[in-house]
Every structure is written in structure tokens, then in C-alpha cells.
Colleague: 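This is the structure I want to talk about, given as C-alpha cells.
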Amino acid sequence: MTFRRAIPFAIALLFGAAGPLLAQGASLPFAGLPAGEAQDVEVSADTLRVNQADESAIFVGNVQVAVGDLRLTAARVEVVYAAEAGKIAALRASGNVLLSNGAETAEGDSAVYSLVDGQILMEGSVILTQGQSALSGERLRIDLVAGTALVEGRVQTIFRTEGN
């Protein structure tokens, strides 16, 4: 992802937490996204592979997913079904993963969005942008229910103020 290389990170956070970014007036990443396996999930892709033996569904090629205000794009998305028929428990995305809700965008190599418990785990050279601020690390963990976020693994950031 060339965007990742284009950001000249000037300030390295020494403590490896997202708290300083949030303290500068930014909001919790992806706040207000839906949690709960009863959410409608819209998917489009080039190919769908379904295996009834293991009850798997894998979308491949230009995958686009919408869950409420969340937009997810990736090369591949596996649907993980819940015990209750017709419900989706989680989405496992890989290959140039992009999550967006309009206000924030996160890029990474892979992501798991658990609709059941409202958890998002994004891994692999993650870049989170909120307005003009950017934050990078190896992992981004978001708990939508608790309203918390954690960035781990050589965290770096740029804070842009109104005067810049």
C-alpha cells in the first residue's frame, strides 16, 4: 500500500497506546459501529466459494462488505456463521484490507470483525487515519461495546492541529 509509505511519521509514541491520540481530541476509532450477530451484512465480490461440508462461504476478488455504516474492502473475506441458522458471527478479511466509516479509515493486511461481541482486530502494518491525524502500529484492537481501542507494535503517530 503506497499510502503507508507516504506518511512521514514525525512523533513516535513511547508507551505504545492509543490514549495520547484520543487525548488530542480524536474520537474512539469506529465508534458507533453495530455489534450483534443480527446485523445485516451486504457482500459483493468477483467469486463466491461455498462448501456445505464445513459450512463455509469465502468471497474472493474485489470484495466489498457493508455492515451498517462500516465499509470493508479486501481481496478475500470468509464468512463465519453463528450457531443460529442464518446469522453471521464474524468476518475474516485478508489482502489489502480497508475499513472505513466515513470519518475514520484503517488499512492493514488482515482483519477479523466479530459481530457477536463487537470486537475488531486488524493486523499487519496498520494505519488508522482520523481527519488529518494518522496512527500506525502492527495491531489495532477495537472493542465497540466497551468503547476502547488499543494499538500495539511500534506505534507511531502524527498529530495535525488546526494551524497546520
Side-chain angles (χ1 to χ4, degrees), residues 1 4 16-23 26-131 133-155 157:
M1 289 183 227
R4 186 174 316 171
L21 174 68
L22 301 178
S27 62
L28 173 70
F30 300 97
L33 285 180
E37 58 194 299
Q39 299 299 314
D40 287 340
V41 178
E42 298 177 35
V43 183
S44 65
D46 294 338
T47 305
L48 168 61
R49 287 184 288 193
V50 177
N51 184 334
Q52 289 185 339
D54 65 5
E55 298 181 352
S56 66
I58 300 172
F59 293 88
V60 179
N62 301 308
V63 184
Q64 297 179 348
V65 179
V67 182
D69 290 335
L70 173 72
R71 298 297 180 257
L72 180 148
T73 61
R76 180 182 187 274
V77 173
E78 177 184 355
V79 175
V80 179
Y81 291 101
E84 185 179 341
K87 304 286 184 187
I88 296 175
L91 301 170
R92 291 187 186 135
S94 60
N96 297 320
V97 178
L98 178 72
L99 291 172
S100 176
N101 70 347
E104 295 99 9
T105 301
E107 297 178 55
D109 296 332
S110 66
V112 177
Y113 178 18
S114 174
L115 281 80
V116 174
D117 58 9
Q119 304 287 316
I120 298 174
L121 171 61
M122 183 173 261
E123 296 183 292
S125 301
V126 175
I127 293 179
L128 171 66
T129 56
Q130 292 180 310
S133 296
L135 178 71
S136 72
E138 283 304 308
R139 282 170 304 287
L140 169 63
R141 298 174 192 271
I142 302 171
D143 184 331
L144 299 169
V145 176
T148 61
L150 175 66
V151 179
E152 303 172 294
R154 193 63 192 150
V155 179
T157 189

Colleague: Quickly, which of I120, V65, T105 forms a side-chain contact (heavy atoms from CB on, under 4.5 Å) with L99? Name it, please.
Modeller: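 With L99 as partner, side-chain contact (heavy atoms from CB on, under 4.5 Å) holds for just one option, I120.
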
Colleague: Heavy atoms only: give me the nearest D117-S114 pair and the separation to one decimal.
Modeller: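 So the two residues come closest at OD1-OG, 2.6 Å.
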
Colleague: How close do G108 and M122 get, heavy atom to heavy atom, and via which atoms?
Modeller: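 For G108 and M122, the tightest heavy-atom pair comes out as N-SD, 3.8 Å.
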
Colleague: Looking at every non-hydrogen atom in both residues, tell me the closest pair between S110 and V97 and how far apart they are.
Modeller: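 Minimum heavy-atom contact is CA-CG2, 3.8 Å.
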
Colleague: Using 0.5 Å steps for rounding, measure from the CG atom of L135 to the CG atom of L128.
Modeller: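 Interatomic distance, L135 CG to L128 CG, rounded to 0.5 Å: 5.5 Å.
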
Colleague: Heavy atoms only: give me the nearest E138-V126 pair and the separation to one decimal.
Modeller: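 Residues E138 and V126, closest heavy atoms: O-CG2, 3.7 Å.
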
Colleague: Checking D69 against N101: is there a side-chain donor and acceptor pair closer than 3.5 Å?
Modeller: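 Looking only at side-chain atoms, D69 and N101 do not form any donor-acceptor pair under 3.5 Å.
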
Colleague: Which is it for L91 and V67 under the side-chain contact (heavy atoms from CB on, under 4.5 Å) test, yes or no, and what are the steps along the way?
Modeller: CA-CA 10 Å; L91 301 170; V67 182; 4.1 Å; yes

Colleague: Check whether any side-chain heavy atom of L72 sits under 4.5 Å from a side-chain heavy atom of V77, and report yes or no.
Modeller: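 Side chain of L72 against side chain of V77, heavy atoms only: contact under 4.5 Å found.
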
Colleague: For V151 and G137, work out which heavy atoms get closest and say how close.
Modeller: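 Scanning both residues, the minimum pair turns out to be CG1-CA, 4.0 Å.
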
Colleague: Measure the spacing between CD of E104 and OG of S133 and express it to the nearest 0.5 Å.
Modeller: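 So the gap between those two atoms works out to 11.0 Å.
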
Colleague: Out of curiosity, D109 CG to R139 CZ, how far, rounded to the nearest 0.5 Å?
Modeller: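 Spacing of CG (D109) from CZ (R139) equals 12.0 Å.
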
Colleague: Considering only heavy atoms from C-beta outward, does the side chain of V41 approach that of L115 to under 4.5 Å?
Modeller: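 Yes, their side chains come closer than 4.5 Å.
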
Colleague: Is the side chain of T157 donor-acceptor paired with the backbone N or O of A134 at a distance under 3.5 Å, no angle test?
Modeller: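 Yes, the answer is positive, given that a donor and an acceptor are paired below the 3.5 Å cut-off.
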
Colleague: Looking only at non-hydrogen atoms, find the nearest pair between A66 and R71 and report the distance.
Modeller: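 Minimum heavy-atom contact is CB-NH1, 3.2 Å.
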
Colleague: Can you measure from CD (E107) to OG1 (T73) and round to the nearest 0.5 angstrom?
Modeller: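 Reported to 0.5 Å precision, the distance equals 9.0 Å.
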
Colleague: Return the OH to CD distance between Y113 and Q119, rounded to the nearest 0.5 Å.
Modeller: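 So the gap between those two atoms works out to 10.5 Å.
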
Colleague: Once rounded to the nearest 0.5 Å, what's the spacing between atom CG of L121 and atom CG of L140?
Modeller: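 These two atoms lie 8.0 Å from each other.
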
